[in-house]
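Quick note: residue numbers are just sequence positions, from 1.
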Amino acid sequence: HEKPEYPTLQSFLREMDRLGVWGGVAMHVTARDGHPLLGNRKLMEDLATIPEAAERIIPAFYVTPRDVIEAETMHYLHEMMGQGRVGVLSIAPATGRYPLRALERLFLELRQYAPVVLLSKYEFTQYDELITLASAFPEMKFIIQAAMWGDYTNLFDAMWRCPNIYTDISHLHVRNIHTTLAQQLGSGRAVFGIAYRAIAGAPIASLLYSDLDEAEKERVAAGTFLSLLPNRAYAAEFKA
């Protein structure tokens, strides 16, 4: 409902180039602020028409609880996810004005594809609801985006309770946070994220200057997220 920081896919690619990031995940804001079907289709059109986008951008489809009663929307979701072209979903309960539990019916329809689900910390407040939802769908992976130091108690608790809950590192800049995550929750529970322009290279620096070994840094930078994608052939090709 406001001008996005990356109004075009090209602008997102330019920011990635500026930061030295090869690949990323993108959702079309029209799907969230207009209609999911319209925005999701536009995202796939952009990926098909913009040079280099297809090999650098992993599409994320925005979904809402109401999708399940829209035949055309559900048909497109099943088509794209069934073909393996889309394996990442994005949800926004606060913006969409619905509780996390309202997604259960939709996820029952889509759980067969074992998608990755992106959820910004700014879009929910009740970790108990997330724990309940993640526990009900163990084959799906949930990544909390933009969690900060004030979220650590709830974040660590949710990740401890649900092995299918992960966090991105876009706002994790506290000293020793990467080694603390690994020690407390095990290896492979964090994925890379760049977040807003103002964050700039902070997540890159926090990872590079962490005490993780090089293999673990590589996992956070790309390996863990790619390992979560349901389409293994696509993940292997993207990594190559």
Side-chain angles (χ1 to χ4, degrees), residues 2-32 39 42-44 46-47 49-62 87-88 90 92 116-123 141 143-149 151 155 166-182 187-229 234-240:
E2 60 186 21
K3 183 179 179 181
E5 284 209 299
Y6 307 108
T8 65
L9 195 53
Q10 292 94 329
S11 66
F12 183 46
L13 287 165
R14 285 194 297 270
E15 181 68 358
M16 289 165 56
D17 288 339
R18 186 181 77 85
L19 295 175
V21 175
W22 166 250
V25 180
M27 177 202 79
H28 203 294
V29 72
T30 299
R32 186 195 67 194
K42 185 62 170 63
L43 173 63
M44 299 307 286
D46 285 350
L47 290 177
T49 57
I50 297 173
E52 78 174 304
E55 62 181 1
R56 295 183 63 187
I57 299 296
I58 297 172
F61 272 13
Y62 178 77
V88 183
S90 178
V116 176
V117 180
L118 306 180
L119 171 63
S120 169
K121 173 57 185 68
Y122 298 110
E123 288 289 345
K141 307 300 188 291
I143 299 177
I144 301 174
Q145 300 171 290
M148 298 179 67
W149 59 267
D151 303 301
L155 177 69
Y166 299 74
T167 181
D168 84 351
I169 70 166
S170 61
H171 290 57
L172 300 186
H173 311 146
V174 176
R175 185 179 180 184
N176 296 329
I177 183 58
H178 296 289
T179 49
T180 300
L181 266 171
S187 178
R189 300 299 296 281
V191 302
F192 185 74
I194 61 174
Y196 307 108
R197 288 183 186 275
I199 298 292
I204 299 175
S206 72
L207 179 59
L208 288 178
Y209 291 106
S210 73
D211 290 331
L212 296 176
D213 60 36
E214 291 304 312
E216 188 60 23
K217 288 179 182 178
E218 286 293 331
R219 291 188 68 182
V220 176
T224 294
F225 181 80
L226 291 174
S227 74
L228 303 181
L229 294 178
Y234 174 77
E237 181 179 347
F238 190 86
K239 186 175 182 179

Can you tell if the side chain of [X] reaches within under 4.5 Å of the side chain of [Y], non-hydrogen atoms only?
{"X": "F225", "Y": "D168", "result": "no"}
{"X": "K121", "Y": "M148", "result": "no"}
{"X": "R14", "Y": "Y6", "result": "no"}
{"X": "S206", "Y": "I177", "result": "no"}
{"X": "L47", "Y": "H28", "result": "no"}
{"X": "K141", "Y": "L228", "result": "yes"}
{"X": "L172", "Y": "L181", "result": "yes"}
{"X": "I194", "Y": "I199", "result": "no"}

(Q) Run S90 and E123 through side-chain contact (heavy atoms from CB on, under 4.5 Å) and show every step you take. (A) CA-CA 11 Å; S90 178; E123 288 289 345; over 6 Å; no
Which atoms form the tightest heavy-atom contact between [X] and [Y], and what is the distance?
{"X": "S11", "Y": "R197", "result": "O-NH2, 4.1 Å"}
{"X": "R219", "Y": "S187", "result": "NH1-OG, 2.7 Å"}
{"X": "A190", "Y": "I169", "result": "CB-CG2, 3.9 Å"}
{"X": "P4", "Y": "P7", "result": "O-CD, 3.6 Å"}
{"X": "A221", "Y": "F192", "result": "O-CB, 3.6 Å"}
{"X": "G201", "Y": "L19", "result": "N-CD2, 4.1 Å"}

Q. Mind checking what makes ring-ring contact (aromatic ring centres under 6.0 Å, His included) contact with Y166, not counting sequence neighbours?
A. none
Q: For W22, look at atom CH2 and say whether over 12 heavy atoms of other residues, nucleotides or ligands are found less than 6.0 Å away.
A: yes
Q. If you draw a 6.0 Å radius around CD in E5, do more than 12 non-hydrogen atoms from other residues or ligands fall strictly inside?
A. yes
Q.
Determine whether D211 and N176 satisfy the following criterion, side-chain contact (heavy atoms from CB on, under 4.5 Å), listing intermediate values before the conclusion.
A. CA-CA 7 Å; D211 290 331; N176 296 329; 4.0 Å; yes
Q: Just say parallel, tilted or perpendicular for the rings of Y196 and Y122, cut-offs at 30° and 60°.
A: tilted
Q: Please work out whether the ring planes of Y234 and F238 are parallel, tilted or perpendicular, with thresholds of 30° and 60°.
A: tilted
Q.
Using the rule given for side-chain contact (heavy atoms from CB on, under 4.5 Å), can you reason through H178 versus L212, listing the C-alpha separation, both sets of side-chain angles and the distance that settles it, and then say yes or no?
A. CA-CA 7 Å; H178 296 289; L212 296 176; 3.7 Å; yes
Rounded to the nearest 0.5 Å, how far apart are [atom1] of [X] and [atom2] of [Y]?
{"X": "L208", "Y": "E214", "atom1": "CG", "atom2": "CD", "value": "8.0 Å"}
{"X": "I144", "Y": "H171", "atom1": "CD1", "atom2": "NE2", "value": "13.5 Å"}
{"X": "F61", "Y": "L43", "atom1": "CZ", "atom2": "CG", "value": "6.5 Å"}
{"X": "M16", "Y": "R56", "atom1": "CE", "atom2": "CZ", "value": "4.5 Å"}

Q.
Tell me if a side-chain donor or acceptor on T224 pairs with a main-chain N or O of V191 at a distance below 3.5 Å.
A. no
Q. If you measure only the distance, is there a donor-acceptor pair under 3.5 Å linking the side chains of S170 and Q145?
A. no
Q: Begin from the C-alpha positions of I58 and L226 and carry the test side-chain contact (heavy atoms from CB on, under 4.5 Å) through to its verdict.
A: CA-CA 10 Å; I58 297 172; L226 291 174; 4.2 Å; yes
(Q) With side-chain contact (heavy atoms from CB on, under 4.5 Å) as the test, pick out the partner of I57 among V25, L13, I50. (A) L13
